[in-house]
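Structure first, then comments.
Every chain is numbered from 1, with letters handed out A, B, ... down the list of sequences. Predicted, not measured: the structure shown is a model, and the values here were computed from it.
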Protein chains: 2
Amino acid sequence: MSQRVPTVRDVAARAGVSVGTVSKALNNRGQLREETRARVVAAARELGFRPNSLAQGLQSGRTYTVAVITTDRFGRFGNPLMLGVEDALGADRVSVFLCDTRDDPIREHHHAETLDERRVDGIIVAGRRKQTRAPLAVASGVPVVYVIAQSSDPSDFCVTTDDVGGGVLAARHLLASGRTRIGHITGPERFADPRERAAGLSSVLDSAGLDLAGGQVFYGEWSEDWGRRAAEMLLHAAPDTDAIFCGSDQIARGVVETLRDRRLRVPGDIAVVGFDNWEPMAAGCRPPLTTVDPNLREVGRVAATRLLDMIAGRPVEGGVETVPAWLMLRESTGVREAGA
Amino acid sequence: MSQRVPTVRDVAARAGVSVGTVSKALNNRGQLREETRARVVAAARELGFRPNSLAQGLQSGRTYTVAVITTDRFGRFGNPLMLGVEDALGADRVSVFLCDTRDDPIREHHHAETLDERRVDGIIVAGRRKQTRAPLAVASGVPVVYVIAQSSDPSDFCVTTDDVGGGVLAARHLLASGRTRIGHITGPERFADPRERAAGLSSVLDSAGLDLAGGQVFYGEWSEDWGRRAAEMLLHAAPDTDAIFCGSDQIARGVVETLRDRRLRVPGDIAVVGFDNWEPMAAGCRPPLTTVDPNLREVGRVAATRLLDMIAGRPVEGGVETVPAWLMLRESTGVREAGA
DNA sequence: TTGTAAGCGTTATCAA
DNA sequence: TTGATAACGCTTACAA
């Protein structure tokens, strides 16, 4: 099976030089006759030589490897984040260990140990929700960047989404489209993310001298079903509602369904804004959903970039960096139909 | 920043023994006085010693690392697969490099090179669709397992989903629920996956002496919108249809929406079966979708297990191993309501 | 029972 | 311009 892989020594022998020369030739270091360098390069190619990165890492102390520890790789959350991480890391030939803790502290600890042993250059710890967590138990000296969930140690660096800003974005857009009776249906009140989104909405409504339709934020679950039920409740409390901002695209789907059942047109009678920009959910909706994109890909990119900074020894201040959200415009907030 | 990490030498010094003794003590090898072993272990713990896995790998030729090369980490596909892979690998302290090619051959080649250099123990190449692809261009001798997309080299090993079987499952279930006028709406005809699902359905209908409602398979796109449009077409062609098997949960969502618009009850008038068991789509549907689960987690588990076999030198025959699908029962195929 | 030393595949230093 | 040689941190014969 496992045939012998050529080493610098093999290349050296074939090129008729010493191993030191091979190393210099292949890494463009030191002074070498051009002819020699060419001969070495040729020999290396002929043998299909690939430098053993373990040996390189052992010698250099750098592994060109970072790990992403995530509590959930399911669904909408982890994927755009990973994309952004790879955007930033890919250029540098940095490879990514993916570690899923499945929300289990034991697993996390286990992974942290393994990563220590593997001498990764840095670690990105990604949480699913905005909350404070204990710092990762890893060898001191290894750079760590926290994503979304931030470390309880204020000297740690964290990058996160702008949920308040997302709420503001949605609210301003609805006001600009001429809506004034805006309701809000979202996830569990015990989580910070939905509370921040609601805060963003409220701040805009306050400045405009408007009240929340239905007189309250409808906190509930992250499900379509909650969207359906809450929409009933909201419309019961405030039948003249002309817009609903939803804390997730899933909730928005449920809301839209209820509206359709009630023969209310979207956006004709009621405009709907979602949150997440979870493509299959938002684009598949009828009508397609205008929704706040939390910019997770950019979050990932920023996290990885800062991590590279730290690895390179460039100072990165502790604290939280917030990445702005943006609004994906689709039809659910389109201009009111003529005659509506 | 980067403080010095303790080595065997440090542990040896602290325990007052030699490095060789440390190694033996920590790895339970050779004959050692129990007292000495304990002293070494204590010293190691006090120093927070973690063996450098690069050095271990260099020396042993094993890195306890495998890579998963995937063409798309988006959405429903990659996540359950990765879960299964980690199920099988986790026990062994094997870490996973995640490489996303973004469907770009250049990127794939680039990743293959890097993985060669890193001396990964094995590689899982995951495609999104059932098709034949060129073998991964990697150093000979490195075990590779293909997932879903199979290698054109018949001596390579591939594990894949049972789409024919999935179609059979759906069909039998519908027949068993008393449906006889079954239509089929699915994805693009140019892909093998939807064709196989259709073949499974047809085989069952044939044996039962039944025809496909609407007289044809409705091939189209993997979108809700296609589901909506195709449902109209199907009902136009065959108004007495009493069940629709859909090639994806997204399509099924669209179908269900059209049925609701037409005041047709699901499952009362028409039963609907989806494909994928993509939780948020299928469970969020009203009514929740009965759907074929292609068992991707198991596919991942099998792939990783076979890869470990190959790495361990246990022979694994080339060819394709098919993992059975199963049916997730929800309400969209429930018993007909009384009086319907 | 323990210590010494060679070797894994690189890179880097210093001589030649 | 090139070649020896010593690290890097570990495991493992083999010697003590």
Check the distance between [N]'s [atom2] and [X]'s [atom1] and give it to me in whole angstrom.
X: A:Arg62; N: D:dC8; atom1: CZ; atom2: P; value: 19 Å
X: A:Leu58; N: C:dA12; atom1: CG; atom2: P; value: 13 Å
X: A:Leu54; N: C:dT11; atom1: CG; atom2: C1'; value: 15 Å
X: A:Glu34; N: D:dT1; atom1: CD; atom2: P; value: 11 Å
X: B:Gln31; N: C:dT2; atom1: CD; atom2: P; value: 10 Å
X: A:Arg9; N: C:dT10; atom1: CZ; atom2: P; value: 9 Å
X: B:Asn28; N: D:dT12; atom1: CG; atom2: C1'; value: 16 Å
X: B:Asp10; N: D:dC10; atom1: CG; atom2: P; value: 9 Å

With a 4.0 Å cutoff (strictly under), does any side-chain N or O of B:Asn27 reach OP1 or OP2 of D:dT11? yes
Is any side-chain N or O of A:Thr7 closer than 4.0 Å to OP1 or OP2 of C:dG9? no
Under a plain distance cut-off of 3.5 Å, with no hydrogens placed, do [Y] and [X] share a side-chain donor-acceptor pair?
X: A:Thr70; Y: A:Asp100; answer: no
X: B:Asp153; Y: B:Ser155; answer: yes
X: A:Arg118; Y: B:Asn52; answer: no
X: A:Asp103; Y: A:Thr71; answer: no

Let me know, please, whether A:Gln59 or A:Glu35 comes out on the 5' side of the other along DNA chain D by nearest nucleotide. A:Glu35
Counting any heavy atom closer than 4.0 Å, what does [X] reach on the DNA or RNA strands: base, sugar-phosphate only, or nothing?
X: B:Gln56; answer: sugar-phosphate
X: B:Val22; answer: nothing
X: A:Arg50; answer: sugar-phosphate
X: B:Thr36; answer: sugar-phosphate

Let me know, please, whether A:Arg29 or B:Gly30 comes out on the 5' side of the other along DNA chain C by nearest nucleotide. B:Gly30
Earlier contact from the 5' end, DNA chain C, for A:Thr21 and B:Leu32: B:Leu32
Run A:Lys130 and A:Asp193 through salt bridge (charged side-chain N to carboxylate O under 4.0 Å, His left out) and show every step you take. CA-CA 6 Å; A:Lys130 277 194 173 163; A:Asp193 318 46; over 6 Å; no
Counting side-chain heavy atoms from C-beta on, which of [options] comes nearest to [X]?
X: B:Ser23; options: D:dC10, D:dT12, C:dT13; answer: D:dT12
X: B:Lys24; options: C:dG9, D:dA13, D:dC10; answer: D:dA13
X: B:Pro51; options: C:dT13, C:dA5, D:dC10; answer: D:dC10

Establish, for the pair B:Arg62 and B:Tyr64, whether the NZ or CZ atom is under 6.0 angstrom from the six-membered ring centre and no further than 45 degrees off its axis. yes
Please determine if B:Arg129 forms a cation-pi arrangement with B:Phe191, meaning its NZ or CZ atom is less than 6.0 Å from the six-membered ring centre and no more than 45° off the ring axis. yes
Give the angle between the helix axes at the two ends of the helix from C:dT1-D:dA16 to C:dA16-D:dT1, taking five base pairs at each end and rounding to 10°. 50°
Would A:Phe157 and A:Tyr146 count as a close aromatic pair, with their ring centres under 6.0 Å? no
